[in-house]
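To start, the structure itself, in structure tokens.
Note that these values count all heavy atoms, side chains included, but never hydrogens, waters or copies made by symmetry.
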Amino acid sequence: VVSGRVRSVFTAKGIDVTPNKDQGVIKVVKRQGDNGDRPMIGDKVTLHYTGKLLSGKKFDCSRQRKEPFCFNVGKGQVLKAWDIGVLSMRRGEVCTLLCKPEYAYGSAGNPDKIPPNSSVVFEMELLNFEGEVLSEDGGIIRRIKVKGDGYSNPNDGANVDVHVEGRCGDRLFDCRDVSFTVGQGEDKGIPLGVDRAMDKMQKGECCLLQLKPKYGFGNEGKPEFKIGPDKEIAYEVTLKDFTRAKESWEMDLSEKLELTAAVKSKGNQYVKAGRYHQAVIQYQRIISWLELECGSGMEQYKKIQDYVMTAHLNLALCFLRLKEFSQVVDNCNKVIEQDASNEKALYRRGEARLLRNEYNLALLDFQRVLEVNPSNRAARGQISKCQNKMKEHQAQEKMIYANMFQKFAERDSKVCKHSLRHIFPFPLLSFVYRERLG
């Protein structure tokens with residue numbers, strides 16, 4: 001009787017939000033949300049919820065835990081009813097969802113809480129939502145307008161066919177169909193952020209990408225699109241089709257070596273053009289292919305090692321230009337493990353350590369460079385720079401400690417005077433005390 005009454009209320013007041021309109025999720029809005037957009041697939045949403053059986057018995061509540069619940073909507077991380085219902089909400093909205101078993105806990109239910117084949121009710125308040133972060137530094141934000149098909153994604157080296165629309169503010173500056181190789185989008189005027197988002201997309205997907213300047217057109221801008229330096233831009237991207245590149249395990253050694261020569265050449269082109277992010281992609285591909293290969297003889301082994309060590313050295317150079325000094329040290333260490341006297345690796349590691357204010361370690365690296373090559377003038381210059389920096393650092397420390405001790409002395413002096421006044425409040429007694437001390 002109770003369940004029938006609940007269903008009739010929802011049917012009378014609610015709307016069916018399921019895609020195929022089978023009344024699997026019926027929604028009743030209790031409080032309207034803010035005007036504006038709704039969450040998109042992949043968005044990180046934050047909400048409060050209360051779950052009840054149709055009898056009214058509560059079985060779960062985020063407010064009782066005193067913290068809201070977060071998940072990426074439309075990704076299958078939660079109940080099917082939640083993915084459907086939340087996508088229909090606006091920020092600040094409060095609603096209730098009547099969910100059939102197939103959209104909730106199914107024929108199994110939830111032991112000790114929800115009987116098998118039970119419909120349930122959720123009250124939900126959507127607190128906030130934001131796009132999915134695709135890069136560690138938050139420079140690429142994705143919001144999916146249309147979900148793609150399947151589970152396959154383009155990889156580095158894949159050939160993709162896309163439709164792109166680029167905007168700066170409200171101005172459309174780029175609208176075209178274009179094909180490019182993932183990792184080499186720069187060659188077709190594709191921003192780094194669009195290129196890097198490809199491996200997260202499925203065929204047929206349409207998404208919005210918000211790009212910080214680093215992942216857009218950087219501090220140079222794009223004069224042909226009338227984009228100035230350091231501008232944030234947005235791209236709407238539709239992945240129409242793609243052909244994946246072979247993975248490392250799908251290639252034999254001869255294929256890898258043949259591809260390595262071409263990829264190394266492409267990386268070197270990007271370095272010469274100052275496109276260090278794009279160069280990094282190429283050199284990292286070489287390492288992923290060859291770092292575990294040994295070859296069938298000494299000659300082939302040496303060729304493989306030369307490629308791998310050169311890739312690490314070139315990565316160190318790129319990361320040095322990108323000011324990612326930890327990465328410089330890591331790549332140089334890989335080379336030094338194989339060749340302790342590698343002049344370039346020692347020098348570049350020294351540069352990174354100097355820029356990280358690790359003067360003693362940098363000095364040791366540059367001194368080691370001179371042991372390997374006494375005629376390296378640049379290393380001599382860097383040694384002088386290290387020594388000067390160390391002197392400056394010592395002088396600064398000396399000044400800091402001197403000021404610190406001066407403050408301690410002034411504080412102790414004030415404490416001492418205050419104590420004497422407290423013990424000898426009369427000038428005469430204070431005079432007598434000082435005379436006796438004298």
Notebook entry, point to check: Hey, is the main chain of C206 close enough, under 3.5 Å, to the side chain of T238 for a donor-acceptor pair?
Noted result: no
Next item on the list: Could you note down all residue pairs passing ring pair (Phe, Tyr, Trp, His ring centres under 6.0 Å) where residues 71-98 supplies at least one of them, sequence neighbours left out?
Entry: Y49-W82, F69-F71, F69-W82, F71-W82, W82-F122
Next item on the list: Would you please name every residue forming a side chain to side chain donor-acceptor pair (under 3.5 Å) with R171, sequence neighbours left out?
Entry: none
Notebook entry, point to check: Looking at residues at least two apart in the chain, or sitting in another chain, which of them share a side chain to side chain donor-acceptor pair (under 3.5 Å) with E123?
Noted result: K30
In residues 284-299, what donor-acceptor pairs under 3.5 Å come from side-chain atoms, sequence neighbours left out?
unit_1: S288; atom_1: OG; unit_2: R285; atom_2: O; d: 2.7
unit_1: E293; atom_1: OE2; unit_2: K256; atom_2: NZ; d: 2.7
unit_1: S296; atom_1: OG; unit_2: Q300; atom_2: OE1; d: 3.1

Item checked: Short N-O contact, E255 and K246, less than 4.0 angstrom -> yes
Notebook entry, point to check: By salt bridge (charged side-chain N to carboxylate O under 4.0 Å, His left out), which residues pair with D174, not counting sequence neighbours?
Noted result: R176
Let me check something: any side-chain donor-acceptor pairs from residues 221-229 under 3.5 Å, sequence neighbours excluded? List them with distances.
none

Item checked: Residues forming a side-chain contact (heavy atoms from CB on, under 4.5 Å) with K391, sequence neighbours excluded -> none
Note to self: Show every side-chain hydrogen bond (donor to acceptor under 3.5 Å, both in side chains) that has at least one partner inside residues 262-273, sequence neighbours left out.
What the structure shows: D187-K266, D187-Y270, N268-Y283
Item checked: side-chain contact (heavy atoms from CB on, under 4.5 Å) partners for C61, two or more places apart -> T50, K58, R63, Q64
Check: Is it true that E93 and K27 make a salt bridge, defined as a side-chain N closer than 4.0 Å to a carboxylate O?
Finding: yes
Check: With a 4.0 Å cut-off, would you call R65 and D60 a salt bridge?
Finding: yes
Contacts table for residues 345-363: side-chain donor-acceptor under 3.5 angstrom, sequence neighbours left out:
unit_1: Y347; atom_1: OH; unit_2: Q382; atom_2: NE2; d: 3.3
unit_1: R348; atom_1: NH1; unit_2: L313; atom_2: O; d: 2.9
unit_1: R349; atom_1: NE; unit_2: D365; atom_2: OD1; d: 3.2
unit_1: R349; atom_1: NE; unit_2: D365; atom_2: OD2; d: 3.1
unit_1: R349; atom_1: NH1; unit_2: N333; atom_2: OD1; d: 2.8
unit_1: R349; atom_1: NH2; unit_2: D365; atom_2: OD1; d: 2.8
unit_1: R353; atom_1: NH1; unit_2: D365; atom_2: OD2; d: 3.0
unit_1: R356; atom_1: NH1; unit_2: S326; atom_2: OG; d: 3.1
unit_1: R356; atom_1: NH2; unit_2: E358; atom_2: OE1; d: 3.3
unit_1: R356; atom_1: NH2; unit_2: E358; atom_2: OE2; d: 3.4
unit_1: N357; atom_1: OD1; unit_2: Y359; atom_2: OH; d: 3.0

Next item on the list: Please check if atom CD in Q387 has more than 12 non-hydrogen atoms from other residues, nucleotides or ligands closer than 6.0 Å.
Entry: yes
Checklist line | Enclosure of R377 CZ (heavy-atom neighbours >12, cutoff 6.0 Å) | finding: no
Next item on the list: Could you give me the CA-CA distance, side-chain angles and deciding distance for V25 and K100, then say whether side chain to side chain contact (heavy atoms under 4.5 Å, CB included) is met?
Entry: CA-CA 7 Å; V25 183; K100 284 185 176 179; over 6 Å; no
Checklist line | Check: N35/R90 side-chain N/O donor and acceptor closer than 3.5 Å | finding: no
Notebook entry, point to check: Is it the case that K80 places NZ or CZ above or below the six-membered ring of Y103, under 6.0 angstrom from the centre and within 45 degrees of the axis?
Noted result: yes
Margin query: Salt bridge check, E125 against R31: does any charged N sit closer than 4.0 Å to a carboxylate O?
Written below: yes
Note to self: More than 12 heavy atoms of other residues, nucleotides or ligands under 6.0 Å from CD of E136: yes or no?
What the structure shows: no
Next item on the list: With Q202 as reference, evaluate N153, I144, D149 under the side-chain contact (heavy atoms from CB on, under 4.5 Å) test and give the passing residue.
Entry: N153
Note to self: Regarding D43 and R142, does a basic nitrogen lie under 4.0 Å from an acidic carboxylate oxygen?
What the structure shows: no
Next item on the list: Test E236 against every option in K145, H163, R167 by the side-chain hydrogen bond (donor to acceptor under 3.5 Å, both in side chains) rule and name the one that passes.
Entry: K145
Next item on the list: Salt-bridge test for R275 and E220: reply yes if a basic N is under 4.0 Å from a carboxylate O, no otherwise.
Entry: yes
Margin query: One thing to verify: whether K212 and D137 come together as a salt bridge, which I'm taking to mean a side-chain N less than 4.0 angstrom from a carboxylate O.
Written below: no
Margin query: Looking at D330 and K334, is there a salt bridge between them, counting it only when a charged N and a carboxylate O are closer than 4.0 Å?
Written below: no
Item checked: side chain to side chain donor-acceptor pair (under 3.5 Å) against N159, all qualifying residues, sequence neighbours excluded -> T181
Next item on the list: Quick one: list whatever passes salt bridge (charged side-chain N to carboxylate O under 4.0 Å, His left out) with D252, sequence neighbours left out.
Entry: none
Notebook entry, point to check: Got more than 12 heavy atoms from elsewhere within 6.0 Å of CD, Q77?
Noted result: yes
